[in-house]
Peer 1: 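I have a structure I would like to understand better, so I am pasting it below and will then ask my questions one at a time.
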Amino acid sequence: MARTTELRDVLAGPVLDVAPRLLGAVLRHGEVAVRLTEVEAYDGENDPGSHAFRGPTRRNATMFGPPGHLYCYFTYGMHVCCNVVCGAEGRAGAVLVRAGEVVEGIELARARRAGASDRDLARGPARLCRALGLDLGHDGVDLTAGAVRLTLGEPLAEVSTGPRVGLRGAPDRPWRFWATGERSVSAYRPAKRLPGRD
DNA sequence: CGGGCGATGTGCT
DNA sequence: GCACATCGCCCGC
């Protein structure tokens with residue numbers, strides 16, 4: 001299928017090219033679909049902020065695999081976040097899916113995110129995964145076939161960039177991309193400082 | 001709306 | 001041990 005081929009080709013490109021192209025794309029799991037409005041690029045072993053910086057481990061193995069798959073990880077003792085693996089196989093590039101707007105299946109998303117406002121349903125990486133019903137069992141799934149799918153949209157006219165959220169390694173690289181003016185973009189929080197540092 | 005803080009457990013030093 | 005690609009709750013403005 002031409003559509004699938006195009007998606008694979010785009011995701012095989014350099015991570016900094018792929019990241020902005022994921023804005024406006026739709027990530028779907030079953031009946032719930034989210035239009036992505038905020039992402040962050042992670043450049044594999046070259047990037048001190050990346051899970052892949054210290055080489056392959058059991059946890060980050062999916063990052064070193066072929067592009068077009070989902071890398072899911074567990075953090076802060078309770079949250080799951082997910083990335084789109086991209087770039088050449090072995091290069092460990094990944095784009096963290098940080099926020100989006102629920103465009104389909106909003107009732108199920110609301111049930112999964114009980115207590116949250118509609119604006120907050122998928123506003124934040126762990127919230128987005130929860131709204132979509134994604135967990136560690138989805139680590140490694142192929143986004144071009146199966147229940148979890150990615151569909152590209154037209155490139156957005158206006159994209160903003162800035163530093164990534166909550167990182168201590170390479171905090172200054174402006175590798176966070178978001179749809180300018182979008183209400184569903186997550187709040188920016190700088191990384192915690194080390195005590196005694198300024 | 002925004003800042004401060006505790007929760008909670010896995011992975012790596 | 002300790003850091004961690006976070007979140008929800010509480011408080012003050």
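Because the structure is a prediction, the values reported are computed rather than measured. Here is how names work: the chains are called A, B, and so on, in the same order as the sequence lines, proteins then strands, and each is numbered from 1.
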Peer 1: Go through the steps for Arg35(A) and Glu182(A) under the test salt bridge (Lys or Arg N to Asp or Glu O under 4.0 Å), then give the verdict.
Peer 2: CA-CA 11 Å; Arg35(A) 175 181 167 268; Glu182(A) 256 292 331; 3.4 Å; yes

Peer 1: Mind pulling the stems DNA chain C is in, i.e. runs of at least three Watson-Crick or G-U pairs, everything under 3.5 Å?
Peer 2: B:1-7 with C:6-12, B:9-12 with C:1-4

Peer 1: Can you list everything that forms a side chain to side chain donor-acceptor pair (under 3.5 Å) with Asp118(A)? Sequence neighbours excluded, please.
Peer 2: Arg110(A)

Peer 1: How many whole angstroms separate atom CG of Asp43(A) from atom P of dA5(C)?
Peer 2: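 Result: 16 Å.
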
Peer 1: Would you mind reporting whether Val34(A) and Leu36(A) have side-chain heavy atoms less than 4.5 Å apart?
Peer 2: yes

Peer 1: Consider only side-chain N and O atoms of Ser186(A) and Arg98(A), and report whether a donor and an acceptor are under 3.5 Å apart.
Peer 2: yes

Peer 1: Is the shortest heavy-atom distance from the side chain of Leu7(A) to the side chain of Thr151(A) under 4.5 Å?
Peer 2: no

Peer 1: Determine, step by step, whether His51(A) and Tyr42(A) satisfy the ring pair (Phe, Tyr, Trp, His ring centres under 6.0 Å) criterion, reporting the C-alpha distance in whole Å, the side-chain angles of both residues, the deciding distance to 0.1 Å, and the verdict.
Peer 2: CA-CA 8 Å; His51(A) 288 171; Tyr42(A) 288 85; 7.3 Å; no

Peer 1: Do you know which two heavy atoms are closest between Val185(A) and Ala99(A), and how far apart they sit?
Peer 2: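 Answer, listing the atom of Val185(A) first, then Ala99(A): CA-CB, 4.3 Å.
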
Peer 1: Under 4.5 Å between any side-chain heavy atoms of Cys81(A) and Tyr73(A), yes or no?
Peer 2: yes

Peer 1: Can you measure Arg123(A) atom CZ to dG2(B) atom C1' for me and round it to whole angstrom units?
Peer 2: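 So the two atoms are 11 Å apart, to the nearest Å.
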
Peer 1: Give me, pair by pair, the N or O atoms of the protein and of nucleotides 3-5 of chain B that are less than 3.5 Å apart, along with how far apart they are.
Peer 2:
none

Peer 1: Starting at CG of Asn83(A) and ending at P of dA5(C), how long is that distance when rounded to a whole Å?
Peer 2: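 Result: 11 Å.
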
Peer 1: Do Glu45(A) and Phe64(A) touch side chain to side chain, with heavy atoms closer than 4.5 Å?
Peer 2: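 Yes, at least one pair of side-chain atoms sits under 4.5 Å.
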
Peer 1: Check the side chains of Arg149(A) and Thr144(A) for a donor-acceptor pair under 3.5 angstrom, ignoring hydrogens and angles.
Peer 2: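 Not at all, the side chains of Thr144(A) and Arg149(A) share no donor-acceptor pair under 3.5 Å.
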
Peer 1: Side-chain contact, heavy-atom cut-off 4.5 Å: Leu128(A) with Val97(A)?
Peer 2: yes

Peer 1: Take the protein atom NE2 of His79(A) and the nucleotide atom P of dG6(B), then report the distance between them rounded to whole Å.
Peer 2: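 Taking atom P of dG6(B) as the reference, NE2 of His79(A) is at 16 Å.
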
Peer 1: Could you tell me how far apart Arg173(A) (CZ) and dA5(C) (P) are, to the nearest whole angstrom?
Peer 2: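 To the nearest whole Å, that distance equals 15 Å.
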
Peer 1: What residues in residues 125-132 of chain A put a non-hydrogen atom under 4.0 Å from any atom of DNA chain C?
Peer 2: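 Within residues 125-132 of chain A, the residues near DNA chain C are Pro125(A), Ala126(A), Arg127(A).
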
Peer 1: Would you say that Leu27(A) contacts Val148(A) through its side chain, given a criterion of any heavy-atom pair below 4.5 Å between the two side chains?
Peer 2: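 Yes; the side chains approach each other to less than 4.5 Å.
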
Peer 1: Give the minimum heavy-atom separation between Asn46(A) and Arg173(A), together with the two atoms involved.
Peer 2: O-NH1, 3.7 Å

Peer 1: Please determine which of Arg91(A), Arg54(A), Arg164(A) meets the salt bridge (charged side-chain N to carboxylate O under 4.0 Å, His left out) test together with Asp47(A).
Peer 2: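 The option that passes is Arg164(A).
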
Peer 1: Please encode protein proximity along nucleotides 8-13 of chain B as a string of B, S and -, counting only heavy-atom distances under 4.0 Å.
Peer 2: BBS-SS

Peer 1: Taking the side chain as every heavy atom from C-beta outward, state whether Leu150(A) and Leu11(A) have any atom pair closer than 4.5 Å.
Peer 2: yes

Peer 1: Listed in order of residue number, which residues of residues 86-121 of chain A have a non-hydrogen atom at under 4.0 Å from DNA chain C?
Peer 2: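 Contacting residues: Leu96(A), Arg98(A), Arg113(A).
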
